[in-house]
Number of protein chains: 2
Amino acid sequence: MQPRAHVTLEDVARAADVSLATASRALNGMRVTPQLRDRVLAAAEKLAYTPNAHARALAGASHRTVGVICHDVTDPYFAAVAGGVMRVAGANDLLVMLASTFRDPEREIAYVSMLRAERAPAILLIGSGFEDARWERALEAELKPYLDGGGRVAVVSRHRSLKVDSVLPENRAGAAAMARALLDLGHRRFAVLSGPRALTTVADRLGGFREELAKAGVGLDPADIVEAPFTRDGGYGAMTELLARGSTATCVFALTDVMAIGACAALRDQGLSVPNDISVAGFDDIPIVRDLTPPLTTVALPLQSLGEKAMELALTENSGRRRRLLRMGGEVVLRGSTAKVGS
Amino acid sequence: MQPRAHVTLEDVARAADVSLATASRALNGMRVTPQLRDRVLAAAEKLAYTPNAHARALAGASHRTVGVICHDVTDPYFAAVAGGVMRVAGANDLLVMLASTFRDPEREIAYVSMLRAERAPAILLIGSGFEDARWERALEAELKPYLDGGGRVAVVSRHRSLKVDSVLPENRAGAAAMARALLDLGHRRFAVLSGPRALTTVADRLGGFREELAKAGVGLDPADIVEAPFTRDGGYGAMTELLARGSTATCVFALTDVMAIGACAALRDQGLSVPNDISVAGFDDIPIVRDLTPPLTTVALPLQSLGEKAMELALTENSGRRRRLLRMGGEVVLRGSTAKVGS
DNA sequence: CTGAAAGCGCTTACAG
DNA sequence: CTGAAAGCGCTTACAG
């Protein structure tokens with residue numbers, strides 16, 4: 001049996017013995033004599049008719065599919081933010097096209113281009129921008145015509161030069177608060193497990209942390225900063241490297257919880273105890289860290305809200321000319337992975 | 001500044017001083033005199049032209065956006081499977097529309113309908129079906145015309161009556177293998193933290209486990225089976241309930257790792273030690289369970305492959321008439337959360 | 001309220 | 001190889 005062609009509005013109109021226009025109106029809930037309306041609805045039902053979204057979009061009806069681009073759905077941080085996005089999207093009867101760039105900048109540009117072709121009414125960029133001028137220009141070149149065409153864009157996390165509505169986790173302040181909290185515990189010698197320097201998030205968190213330490217007269221030895229991918233395995237490798245370097249830090253600050261989880265695994269594998277031998281702190285407060293042993297000290301970000309707010313920004317008309325910035329604070333949560341020095 | 005209309009192929013053709021047809025061909029890599037081709041490409045570049053995907057789809061070109069419906073992106077199980085789907089999709093230049101039903105059957109149907117309207121060339125259903133005749137009929141009513149129209153459908157996990165290509169984790173055999181492994185450790189009194197009975201996955205895992213125990217002459221007291229949502233908090237609540245009932249089980253089998261994580265948290269909060277006071281086992285082997293303390297004994301499923309295979313099934317022509325079934329085995333991995341009885 | 005018709009932006013036979 | 005034209009399946013002024 002060869003696949004039949006799709007049932008079209010015309011089939012429905014014919015079956016109901018009305019014009020195309022009337023069928024369209026009846027299906028879209030516009031004013032139509034009840035009798036005709038019933039005939040149309042019955043015919044549509046019987047034929048299992050589904051309107052062709054492309055024809056609809058082409059003909060000018062608004063398209064209900066928004067685009068979301070994140071680095072990696074598999075990462076609990078992005079999963080949580082995406083969850084927030086989808087909650088709001090679902091509540092607004094919107095379908096979400098979710099793309100994973102797997103942290104490839106080229107692919108990010110390609111996805112924006114595809115979403116633009118899809119005429120998505122909104123595009124959300126979830127995740128830190130890259131501090132790379134070439135990439136920024138290419139991204140802007142895609143986004144500019146999209147915005148000019150009436151597209152809406154919102155981002156979560158800082159993008160240096162993008163003039164779009166943004167939800168900004170307070171990375172800098174959060175990292176500074178964490179520095180203070182750790183200093184209060186008596187630590188004076190720190191190590192940092194960092195992600196790729198090109199990410200704005202890395203610059204902000206590392207900068208905020210370092211600066212606050214400096215205020216207390218505590219320096220950060222370059223040898224105590226290890227750069228690795230923003231993944232569990234990246235954290236594992238970085239921690240292993242740090243130990244190999246013979247670091248004397250009493251406390252390790254991982255720039256994300258996911259890296260902290262890897263770091264803890266590495267310490268365990270080396271027979272070291274957290275927090276007795278060394279304290280570990282993370283950033284984000286992804287759901288799982290509460291259930292680790294010991295539970296992780298971290299900077300808690302309202303992850304789901306980040307996504308919800310971004311979707312709301314994109315959905316809501318920006319009356320003013322200027323971009324809207326929504327700062328979302330983080331809060332230090334001290335848990336079992338960090339201990340007082342000397343206790 | 002009012003949003004200008006989108007740049008269209010016609011604009012490009014005019015700028016390049018060629019016909020619409022030639023512009024279209026040049027952009028699509030069909031044979032065109034190099035000179036004309038260059039003019040078209042240059043014009044497109046200058047105007048930041050992006051083809052309208054809707055017009056393209058309407059005009060008959062194939063649409064490169066596939067649909068994926070899962071229960072909850074936020075759940076590490078689905079995140080891992082979705083990751084596999086996206087990897088294959090990305091490699092094939094496909095965009096993924098990912099929808100989260102948040103476990104609402106109604107919403108699942110609604111999403112299939114939307115994806116059908118989008119004329120997605122393929123729809124993937126990730127996650128267990130519901131054993132609910134009304135729901136099954138409604139889903140089939142959506143899927144049938146889609147399939148007849150040439151749509152491709154693949155599912156991960158068992159759907160009772162859906163005649164579509166399927167990737168089937170061997171839930172039954174995996175649970176049976178787990179039962180054997182736990183019996184081998186000397187356990188004779190078990191409890192099960194179960195998800196909603198209406199899910200086929202629950203029926204299979206619980207059935208396989210119970211049956212294997214029965215072969216060894218070990219029964220499962222109904223009071224030792226607690227049903228709760230398939231979430232971390234569901235597992236926490238179920239474990240708490242089990243303790244309140246005064247269960248004497250020496251080993252708890254949670255039907256998913258996510259529930260097992262909640263169970264471990266509940267035990268910890270009650271001051272009980274895993275595995276000294278009680279053993280805990282899960283199912284799925286989501287990435288995080290390796291990093292728990294103690295690491296979780298579980299049935300390891302190749303989560304990413306599940307997604308990859310499903311996407312591949314949907315992408316690859318089904319030459320035969322019949323549905324293809326791809327069974328993917330699970331393997332018991334004994335870790336620290338289970339102990340020998342009496343040791 | 002209803003219908004005939006134009007138009008959305010492409011692709012693709014069909015001629016040339 | 002190139003171009004004029006039809007057609008994809010809708011929506012929406014425009015008449016009536």
Side-chain angles (χ1 to χ4, degrees), chain A residues 3-41 43-44 47-65 114 116-121 145 149-150, chain B residues 3-41 43-44 47-65 114 116-121 145 149-150:
Chain A
R4 319 164 208 157
H6 282 283
V7 175
T8 70
L9 223 212
E10 188 158 4
D11 298 325
V12 174
R14 196 179 307 123
D17 195 30
V18 298
S19 72
L20 254 184
T22 299
S24 171
R25 291 186 187 113
L27 259 12
N28 288 309
M30 312 185 73
R31 294 220 66 77
V32 168
T33 311
Q35 191 197 347
L36 293 189
R37 193 175 55 77
D38 291 349
R39 256 158 53 198
V40 172
L41 264 30
L47 298 174
Y49 169 71
T50 296
N52 181 318
H54 298 300
R56 218 177 215 184
L58 235 204
S62 73
H63 192 201
R64 310 216 42 92
T65 307
M114 290 179 77
R116 189 148 87 86
E118 295 286 343
R119 296 299 184 266
Chain B
R4 316 166 209 155
H6 283 284
V7 174
T8 70
L9 221 213
E10 187 158 4
D11 298 325
V12 175
R14 195 178 310 123
D17 197 30
V18 297
S19 71
L20 255 183
T22 299
S24 172
R25 291 185 187 111
L27 258 11
N28 289 308
M30 313 184 75
R31 294 220 65 79
V32 167
T33 310
Q35 192 197 346
L36 293 190
R37 194 175 56 76
D38 290 349
R39 254 157 54 197
V40 173
L41 265 30
L47 299 173
Y49 170 72
T50 297
N52 182 318
H54 298 300
R56 216 175 218 185
L58 234 204
S62 74
H63 191 201
R64 311 219 38 95
T65 306
M114 291 178 77
R116 188 147 87 86
E118 296 286 341
R119 297 299 183 265

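Fair warning: this is a prediction, and the values are worked out from it, not measured in the lab. Per chain, numbering begins at 1; letters A, B, ... match sequence-line order.
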### Query
Taking only N and O in the side chain of B/T22, is any of them less than 4.0 Å away from OP1 or OP2 of D/dG3?
yes

Between [N] atom [atom2] and [X] atom [atom1], what is the distance in whole Å?
X      : N      : atom1 : atom2 : value
A/L58  : C/dC10 : CG    : C1'   : 7 Å
B/H6   : C/dC10 : NE2   : P     : 10 Å
A/L20  : C/dG7  : CG    : P     : 17 Å
A/H54  : C/dT11 : NE2   : P     : 13 Å
A/Y49  : D/dG9  : OH    : P     : 10 Å
B/R116 : D/dG9  : CZ    : P     : 14 Å

Would you mind telling me which of [options] lies closest to the side-chain atoms of [X]?
X     : options               : answer
A/A59 : D/dG3, C/dC8, D/dT12  : C/dC8
A/S19 : C/dA4, C/dG9, D/dC10  : C/dA4
A/R56 : C/dC10, C/dG3, D/dC10 : D/dC10

### Task
Indicate the atoms forming the closest heavy-atom contact of A/Y49 with A/L27, along with that distance.
CE2-CD2, 3.7 Å

#### Entry: CZ-CG distance between B/R119 and B/L58, expressed to the nearest 0.5 angstrom
9.5 Å

### Query
Say you draw a straight line from CD of B/E10 to OG of B/S19; how long is it, rounded to the nearest 0.5 Å?
11.0 Å

### Query
Listed by chain and number, what are the side-chain hydrogen bond (donor to acceptor under 3.5 Å, both in side chains) partners of B/R116, not counting sequence neighbours?
A/T50, B/E142

### Separation of the P atoms in D/dA6 and D/dT2, to the nearest angstrom
22 Å

### Message
Taking the P atom in each of D/dA5 and D/dC1, what is the distance between them to the nearest angstrom?
### Response
23 Å

## Note on the structure
Taking pairs as Watson-Crick (N1-N3 plus N6-O4 or O6-N4) or G-U wobble (N1-O2 and O6-N3), each distance under 3.5 Å, the stems of three or more consecutive pairs with DNA chain C are C:1-3 with D:14-16, C:5-12 with D:5-12, C:14-16 with D:1-3

### Working for side-chain contact (heavy atoms from CB on, under 4.5 Å), residues B/V32 and B/V40
CA-CA 10 Å; B/V32 167; B/V40 173; over 6 Å; no

### Query
For residues 24-40 of chain B, which residues have at least one heavy atom under 4.0 Å from DNA chain C?
B/S24, B/R25, B/N28

#### Entry: Steps toward side-chain contact (heavy atoms from CB on, under 4.5 Å) verdict (A/T65, A/E118)
CA-CA 9 Å; A/T65 307; A/E118 295 286 343; over 6 Å; no

